[in-house]
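First the structure, in the form of structure tokens, and then the observations on it.
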Amino acid sequence: MEGYVYYSIVLFSFFIFLLYVYLFYEKILDLYSLRKKHFYEKEVIPFIDNLFLTLETRYVNKKQMQKLRKMVKNKTKRNIIIERIIHYNEIYSGTIRERLTMLCENSGLVYYETKKLKSRDHFKTALACKNLGEFRSERAIPSLLKVFKRSSLDIKYHSLMALAKIGNLEAFTQAFNLLDNKYFFSERSLTEIIDSYEGDKLKLYKAMIQSENIFVSTVFINSAGNYMDIELNNIILKYIDDNDKERRIAAIKAIGKNGDIRYIDEIIKMLYDKEWEVRAAAAKSLGRFEDERALYPLIKVLSDSVWWVRYNAANSLIKIKNGIDELEIILSGEDRFAKDIIISALEDSGVIQDIYLYEQSKDESRKRLSELIKKYIESKETYR
């Protein structure tokens, strides 16, 4: 038994020693790579900076291109060049960026990064996708579309982002239409990708809002609300009574975000949808229109069976001109649901403090409103 313990200790100590050697080796390797990078930067960065100054007036000459190609063959130098290109891409646009893309193609940068897409290392592949997006070269499109079909979410995200930056409508829509909700991308991530698209955005929205892929169509309808182009509302309106609940909600929100009063009647109709989430979305959106036509429909919805619908309706009601003046009708009535939700909305919004000041108002209706609110709150406290 003692021999077994002895051999176990020796074996364990040996493995610890090997681990220490490995970590020491990795540390030495990292330090060597860092020193080598700093050494190469002294040569590469001044050359690249001068090259970009050239791009402001013309394309690079043959001698400059030959030197660049030679540098690109060295992995460390190539990574320094890529870092510098990404830096300049944040500064330059237009003609200079087009020349920069040509530079990436002719120097071999696109070729080397495209080769990396075949790697089994997901991190390396995702980074190559990111770099190809920065190059904005259409030569990378076939490879990006191919790698997009891999199962890694990180690769899918970066390849789709790269296609967005390249801005080719056909390629981007082809990839995006392969998505569905099983990929678990957040709406924020997908919106970020759409916002990064550098082609004709209006054409993109018109194509994708009408996509046969319901998930994709819904994503673009949601994003269209941020794009704020009312030209799209006429297309979005088709989906306001769609069979798919999520697409109905997206259409209501998108039209509501830019407050297009041409379609207020259609939004009002959705206050009576069979799904409470749709009714809640419609009630919230009507507050953005700030149109008095929504007042009485919203008052009616204060009796809805679902709390969120009532709450959104109450909040919208107090945002609309003369909405507060209509509260007397509700507080004089018998509907406790409606009264409770109005008080809750007034308290949450801070408006209730202003209404308390109505006691000093010369307007008799406002005085009555202040008294009704105080009386109702006191009755509730007494009941508790």
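Closest of all the heavy-atom pairs between Y197 and N168 is OH-C, 3.8 Å. Residues L232 and Y227 share a closest heavy-atom pair of CD1-CD2, 3.7 Å. Closest approach of K206 and I235 over heavy atoms only: CG-CD1, 3.7 Å. Across all non-hydrogen atoms, the minimal contact from I155 to A126 is CG1-N, 4.3 Å. In this structure, M208 and F176 approach most closely via the heavy-atom pair CE-CB, 3.6 Å. Nearest approach of L145 to A171, heavy atoms of both residues: CD2-O, 3.6 Å.
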Mind running side chain to side chain contact (heavy atoms under 4.5 Å, CB included) on Y112 and I82 for me, showing each step along the way?
CA-CA 11 Å; Y112 281 109; I82 290 171; over 6 Å; no
Problem - Worked verdict on S211 versus N177 for side-chain hydrogen bond (donor to acceptor under 3.5 Å, both in side chains) - result: CA-CA 8 Å; S211 171; N177 276 319; 2.7 Å; yes
request  = Report the C-alpha separation of D49 and R84 in whole Å, then their side-chain angles, then the decisive distance to 0.1 Å, and conclude whether the salt bridge (charged side-chain N to carboxylate O under 4.0 Å, His left out) test is met.
outcome  = CA-CA 8 Å; D49 287 350; R84 211 65 187 153; 2.9 Å; yes
task = Given side chain to side chain contact (heavy atoms under 4.5 Å, CB included), test D291 with K321 step by step and report yes or no.
result = CA-CA 7 Å; D291 191 296; K321 185 181 178 182; over 6 Å; no
From CA spacing to verdict: side chain to side chain contact (heavy atoms under 4.5 Å, CB included), D200, L169: CA-CA 8 Å; D200 187 328; L169 181 63; over 6 Å; no
Item to check | Stepwise side chain to side chain contact (heavy atoms under 4.5 Å, CB included) test for V216 and L178 | outcome: CA-CA 9 Å; V216 169; L178 293 174; over 6 Å; no
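Here the side chains of H158 and H122 are not in contact, with every heavy-atom distance at 4.5 Å or above. At a threshold of 4.5 Å between non-hydrogen side-chain atoms, the residues Y272 and D304 do not count as touching. Here the side chains of E277 and V309 are not in contact, with every heavy-atom distance at 4.5 Å or above. With a 4.5 Å cut-off on side-chain heavy atoms, I330 and L317 count as touching. No side-chain heavy atom of F135 sits under 4.5 Å from any side-chain heavy atom of T101. Side-chain contact between N222 and L190 is absent, with no heavy-atom pair separated by less than 4.5 Å. Using a 4.5 Å cut-off on side-chain heavy atoms (C-beta onward), N131 and L109 make no contact. Within the 4.5 Å cutoff, no side-chain heavy atoms of E266 are placed close to those of M270.
At distances below 3.5 Å, not a single donor-acceptor pair connects side-chain atoms of S196 with backbone N or O atoms of A164. The main-chain N or O of A313 is never found under 3.5 Å from a side-chain atom of S316 such that the two would form a donor-acceptor pair. Within the 3.5 Å criterion, the main-chain N or O of N89 finds a donor-acceptor partner in the side chain of R97. At least one donor-acceptor pair closer than 3.5 Å links the side chain of D244 to the backbone N or O of R247. In this structure a side-chain-to-backbone donor-acceptor pair under 3.5 Å is missing from S344 to D340.
Within the model, atoms CD1 of I48 and CD of Q64 stand 10.0 Å from one another, a figure rounded to the nearest 0.5 Å. Here the CD1-CD1 distance, from I91 to I96, works out to 10.0 Å after rounding to the nearest 0.5 Å. Of the inter-residue distances, the one linking D195 atom CG with M161 atom CE reads 9.0 Å to the nearest 0.5 angstrom. From I318, atom CD1 reaches atom CG of L298 across 11.5 Å, with rounding to the nearest 0.5 Å. If you take CG on N315 and CD1 on I341, they are separated by 8.5 Å, rounding to the nearest 0.5 Å. To the nearest 0.5 Å, atom CD of residue E41 and atom CG of residue N79 are 11.0 Å apart.
Between the side chains of Y205 and S223, at least one donor-acceptor pair of N or O atoms lies under 3.5 Å. Side-chain atoms of E105 and S137 form a donor-acceptor pair, as typed in the model, at a separation below 3.5 Å. Q210 and Y239 form no side-chain donor-acceptor contact under 3.5 Å, judged by distance and modelled atom types alone. When only modelled atom types and interatomic distance are considered, S303 and R310 share no side-chain donor-acceptor pair under 3.5 Å. Checked by atom type, the side-chain pair N106/Y59 shows a donor-acceptor distance below 3.5 Å.
The pair E113-R139 does not meet the salt-bridge criterion, since no charged nitrogen lies less than 4.0 angstrom from a carboxylate oxygen. In this structure, R136 does not pair ionically with E98, as no charged nitrogen and carboxylate oxygen lie closer than 4.0 Å. With salt bridges taken as basic N to acidic carboxylate O contacts below 4.0 Å, one links R248 and D273.
Counting heavy atoms of neighbouring residues, nucleotides and ligands inside a 6.0 Å radius, atom CD of E187 does not exceed 12 of them. More than 12 heavy-atom neighbours from other residues, nucleotides or ligands sit within 6.0 angstrom of CZ on R58. Remark: K165 NZ is packed, more than 12 non-hydrogen atoms of other residues, nucleotides or ligands lying under 6.0 Å away. Surrounding CG of L202 are more than 12 heavy atoms belonging to other residues, nucleotides or ligands, all under 6.0 Å away. A 6.0 Å sphere centred on CD of E56 holds more than 12 heavy atoms belonging to other residues, nucleotides or ligands. For N243, the CG atom is loosely surrounded, since the number of other residues' heavy atoms within 6.0 Å does not exceed 12. The environment of K238 atom NZ is dense: over 12 non-hydrogen atoms of other residues, nucleotides or ligands sit within 6.0 angstrom.
When hydrophobic clusters are built by joining Ile, Leu, Val, Met, Phe, Trp and Tyr residues whose side-chain heavy atoms come closer than 4.5 Å, directly or via intermediates, M102 is grouped together with L51. Note on F47 and L103: same hydrophobic cluster, where clusters join Ile, Leu, Val, Met, Phe, Trp and Tyr whose side-chain heavy atoms are under 4.5 Å apart, directly or indirectly. Hydrophobic cluster membership differs between I209 and I230, with clusters built from Ile, Leu, Val, Met, Phe, Trp and Tyr side chains linked at under 4.5 angstrom. By the rule that hydrophobic residues join a cluster once side-chain heavy atoms approach within less than 4.5 Å of another member, L163 and L127 end up as members of separate clusters. Under the 4.5 Å side-chain heavy-atom criterion for ILVMFWY residues, no single connected hydrophobic cluster contains both V278 and I214.
Using bins of under 30°, 30° to 60° and over 60° for the plane-to-plane angle, the ring pair W308/Y311 lands in the perpendicular bin.
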In a table with atom names and distances, give each donor-acceptor pair under 3.5 Å that connects a side chain of residues 280-290 to protein atoms at least two apart or in another chain.
unit_1: S285; atom_1: OG; unit_2: I252; atom_2: O; d: 3.4
unit_1: S285; atom_1: OG; unit_2: A281; atom_2: O; d: 3.0

